[in-house]
Chemist: 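Encoded as structure tokens, here's the structure I'll be asking about.
Note that the coordinates shown come from a computational prediction; the quantities given were computed from them, not determined experimentally. First listed ligand is number 1; within each ligand, the first listed atom is number 1.
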Amino acid sequence: MADFQKVARRDEIPEGQGKVVEIAGRTIAVFQSGGKFYATDNTCLHRGGPLGEGHVKENVVSCPWHMWGFDVTTGLCTVNEEFKLETFPVKVEGEEILVGI
Ligand code: FES
């Protein structure tokens with residue numbers, strides 16, 4: 001069972017943006033896309049760029065370093081599907097966003 005922890009308030013992560021959070025010793029990116037929230041590992045599988053600082057369009061976050069894309073709903077890289085980020089379950093309770101790890 002995932003242990004859900006509060007990571008942000010809804011208004012801290014506007015549509016199309018992300019936030020980098022630390023939980024359980026992990027660095028995780030939390031995004032809002034299409035009115036829903038998603039969480040993935042923050043570290044880009046290309047050269048370690050901070051995905052939580054990227055912008056999301058149609059569920060794909062673009063890494064701010066060299067623009068590799070990752071589907072925030074599945075973790076799959078849109079450049080090369082052999083690469084897949086770890087994803088984490090997200091719950092919204094009122095104004096709070098919780099991530100399970
Ligand atoms: S480090 Fe993310 S695209 Fe290069």
Chemist: To which protein heavy atom is atom 1 (S) of ligand 1 closest, and what is the distance rounded to 0.1 Å?
Modeler: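 Ranked first by proximity to atom 1 (S) of ligand 1 is Arg47 N, 3.2 Å.
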Chemist: Would you say Val60 and Ile28 are hydrophobically clustered, going by side-chain heavy atoms of ILVMFWY under 4.5 Å?
Modeler: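 Val60 does not cluster with Ile28.
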Chemist: Pull out every atom of ligand 1 sitting under 4.0 Å from any heavy atom of Trp65, numbered as shown with elements.
Modeler: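 Answer, ordered by atom number: 1 (S).
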Chemist: Using a 4.0 Å cut-off to any heavy atom of Trp68, which atoms of ligand 1 qualify?
Modeler: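 The atoms of ligand 1 under 4.0 Å from a heavy atom of Trp68 are 3 (S).
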Chemist: Within His66, is some N, O or S atom less than 2.8 Å away from atom 4 (Fe) of ligand 1?
Modeler: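 True for His66.
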Chemist: For Leu98, does its backbone N or O pair with a side-chain atom of Gln5 as donor and acceptor, under 3.5 Å?
Modeler: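 The answer is no, because no donor-acceptor pair under 3.5 Å joins these two groups.
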Chemist: How about NE2 on His55, more than 12 heavy atoms from neighbouring residues, nucleotides or ligands closer than 6.0 Å, or not?
Modeler: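 Not more than 12 within 6.0 Å, no.
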Chemist: Tell me if a side-chain donor or acceptor on Asn42 pairs with a main-chain N or O of Gly52 at a distance below 3.5 Å.
Modeler: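 A pair under 3.5 Å: yes.
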Chemist: SG (Cys63) to atom 2 (Fe) of ligand 1 to SG (Cys44): angle, nearest 10 degrees?
Modeler: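 SG of Cys63, atom 2 (Fe) of ligand 1 and SG of Cys44 span an angle of about 110°.
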Chemist: May I ask you to check whether His46 brings an N, O or S atom to under 2.8 Å from atom 2 (Fe) of ligand 1?
Modeler: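 His46 does not place any N, O or S atom closer than 2.8 Å to atom 2 (Fe) of ligand 1.
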Chemist: Going by the atom numbers of ligand 1, which of them fall below 4.0 Å from some non-hydrogen atom of Gly49?
Modeler: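 Answer, ordered by atom number: 1 (S).
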Chemist: Side chain of Gln32, backbone of Ile13: donor and acceptor closer than 3.5 Å?
Modeler: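 Yes; judged by distance alone, with no hydrogens or angles, the pair exists.
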Chemist: So if I apply the side-chain contact (heavy atoms from CB on, under 4.5 Å) rule between Phe70 and each of Thr78, Thr40, Leu45, which one comes out positive?
Modeler: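 The option that passes is Leu45.
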